[in-house]
Amino acid sequence: MRDAYHEELDSISDSLVEMARLVGSAIGRATTAILDSDLKLAESVIEADQRVDDLQHDLEARAIALLARQQPVATDLRIVVTSLRMSADLERSGDLAQHVAKLTRLRYPERAIPHDLHATILEMGQLAQRLMAKAAEVIVTKDVDLALQMETDDDEMDLLHRTLFQHLMDERWKHGIETAVDVTLLGRYYERFADHAVAVAKRVVFLVTGEHADELQQDIQSVTGVEGA
């Protein structure tokens with residue numbers, strides 16, 4: 001009975017990894033779609049989001065059944081509850097990738113992104129994909145150090161986000177209000193996607209240690225500061 005129980009816990013973790021990989025692929029393909037104005041690719045991203053939703057619904061049902069049947073305590077309870085929260089972060093990430101694809105569809109056959117912002121958007125899309133790949137790795141390995149590093153990686157996304165706003169606020173901006181709104185929304189989608197990837201990693205930290213990532217980071221900095229004194 002306990003073997004079946006732990007197999008079910010492992011299967012929930014496997015579903016989280018699959019969700020992370022799906023949404024990571026989705027944001028990469030959505031980025032290509034919006035930069036190339038590729039309607040077919042955008043539609044495939046929009047349709048594929050249903051798979052992420054289905055995985056979340058299935059995971060929720062299995063997690064609730066586990067809570068009802070097994071009444072887990074301590075570490076096992078933490079695994080189930082944290083997995084539910086991670087699945088919500090991943091589902092929202094999928095929605096954000098879908099939003100990028102829908103913006104492609106909305107502006108087709110025109111290109112939503114001016115040529116002078118292509119490099120920045122491409123970099124944001126690639127970074128978002130890397131962050132989610134790292135989040136998937138953290139789920140698999142339960143590597144706390146790797147999870148804590150993702151906060152620094154997210155700083156790169158924040159910097160790119162600010163770069164977009166600098167373009168929008170530049171008096172030489174010549175692409176109009178509609179495009180400015182599109183770019184503003186797009187920057188927000190990528191920034192939130194990265195935030196969800198980091199949130200997943202932080203939840204793994206809590207799952208493994210029982211401490212919240214921010215608190216653990218403060219403890220590490222405190223110890224490092226003492227040692228450096």
Side-chain angles (χ1 to χ4, degrees), residues 20 22-49 52 88-136 146-202 213-214 217 221:
L22 285 172
V23 300
S25 172
I27 198 67
R29 290 185 295 119
T31 301
T32 299
I34 201 162
L35 292 177
D36 295 346
S37 193
D38 187 331
L39 182 60
K40 185 177 179 179
L41 183 58
E43 293 290 1
S44 75
V45 173
I46 294 166
E47 292 171 9
D49 188 56
V52 176
D89 281 310
L90 293 168
E91 189 275 333
R92 292 187 192 112
S93 299
D95 288 346
L96 290 163
Q98 189 182 58
H99 291 339
V100 175
K102 285 182 175 179
L103 186 56
T104 304
R105 183 171 67 184
L106 179 66
R107 299 304 175 205
Y108 183 83
E110 301 299 323
R111 293 179 183 266
I113 306 303
H115 183 73
D116 52 335
L117 289 180
H118 271 219
T120 302
I121 294 300
L122 177 61
E123 193 171 352
M124 292 181 86
Q126 291 174 338
L127 178 57
Q129 193 169 6
R130 289 199 304 273
L131 281 166
M132 193 55 73
K134 190 173 285 190
L146 183 62
L148 293 175
Q149 288 171 16
M150 287 186 63
E151 192 81 56
T152 301
D153 295 334
D154 187 45
D155 290 342
E156 295 179 42
M157 185 65 81
D158 293 337
L159 180 59
L160 288 167
H161 195 207
R162 287 195 294 273
T163 299
L164 277 186
F165 273 99
Q166 288 169 0
H167 279 280
L168 292 171
M169 300 302 292
D170 194 313
E171 61 183 15
R172 292 169 294 178
W173 177 263
K174 59 182 183 297
H175 304 295
I177 294 174
E178 186 177 80
T179 300
V181 171
D182 288 346
V183 170
T184 300
L185 287 172
L186 196 60
R188 182 63 174 159
Y189 297 153
Y190 285 116
E191 189 221 5
R192 290 299 299 143
F193 188 98
D195 287 344
H196 284 303
V198 173
V200 168
K202 285 183 173 182
D214 294 340
Q217 194 76 272
Q221 290 171 352

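Values in this document were obtained by computation on a predicted structure and should not be read as measured data.
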Which atoms form the tightest heavy-atom contact between Ala30 and Ala101, and what is the distance? CB-N, 4.1 Å
Can you name the closest pair of heavy atoms from Gly187 and Met124 and give their distance? O-CE, 3.9 Å
Where Ala194 and Leu131 come nearest, the two heavy atoms and their spacing: CB-CD1, 3.5 Å
Pairs meeting criterion salt bridge (charged side-chain N to carboxylate O under 4.0 Å, His left out) with involvement of residues 179-192, two or more places apart: Arg107-Asp182, Arg188-Glu191, Arg192-Asp195
Any salt bridge (charged side-chain N to carboxylate O under 4.0 Å, His left out) pairs touching residues 95-105, not counting sequence neighbours? Glu43-Arg105
I'd like to check the side-chain contact (heavy atoms from CB on, under 4.5 Å) partners of Ala180; sequence neighbours left out, ordered by chain and number. Leu168, Trp173
For His99, which residues count as a ring-ring contact (aromatic ring centres under 6.0 Å, His included) partner, sequence neighbours excluded? Tyr189
Return all side-chain donor-acceptor pairs below 3.5 angstrom for residues 152-163, not counting sequence neighbours, or 'none' if the list is empty.
| residue | atom | partner | partner atom | Å |
| --- | --- | --- | --- | --- |
| Asp153 | OD2 | Lys134 | NZ | 2.7 |
| Thr163 | OG1 | Leu159 | O | 3.0 |

Would you say that Thr32 contacts Asp38 through its side chain, given a criterion of any heavy-atom pair below 4.5 Å between the two side chains? no
Contacts of Ser25 that satisfy side-chain contact (heavy atoms from CB on, under 4.5 Å) - sequence neighbours left out: Arg29
Using every non-hydrogen atom in the two residues, find where Phe193 and Val23 come nearest and quote the distance to one decimal. CZ-O, 3.6 Å
Could you give all pairs that pass the salt bridge (charged side-chain N to carboxylate O under 4.0 Å, His left out) test and reach residues 163-173, with sequence neighbours left out? Asp170-Arg172
So if I apply the side-chain contact (heavy atoms from CB on, under 4.5 Å) rule between Ile34 and each of Leu103, Val45, Leu41, which one comes out positive? Leu103
In this structure, CG of Leu35 is separated from CZ of Arg111 (nearest 0.5 Å) by 8.5 Å
Contacts of Thr104 that satisfy side-chain hydrogen bond (donor to acceptor under 3.5 Å, both in side chains) - sequence neighbours left out: none
Is there a side-chain contact between Ile27 and Met132 (heavy atoms, below 4.5 Å)? no
Please determine whether side chain to side chain contact (heavy atoms under 4.5 Å, CB included) holds for the pair Leu127 and Tyr190, giving the CA-CA distance in whole Å, both sets of side-chain angles, and the decisive distance to 0.1 Å. CA-CA 9 Å; Leu127 178 57; Tyr190 285 116; over 6 Å; no
Measuring only between side-chain heavy atoms, which start at C-beta, is Thr184 closer than 4.5 Å to Phe165? yes
Residue pair Thr31 / Leu122: nearest heavy atoms and the distance that separates them: CG2-CA, 4.2 Å
What heavy-atom pair brings Ala201 and Ala147 nearest, and what distance separates the two atoms? O-CB, 3.6 Å
Which residue pairs pass the side-chain hydrogen bond (donor to acceptor under 3.5 Å, both in side chains) test with at least one member in residues 116-132, sequence neighbours excluded? Asp116-His175
Is there side-chain contact between Val52 and Leu90, with heavy atoms separated by less than 4.5 Å? no
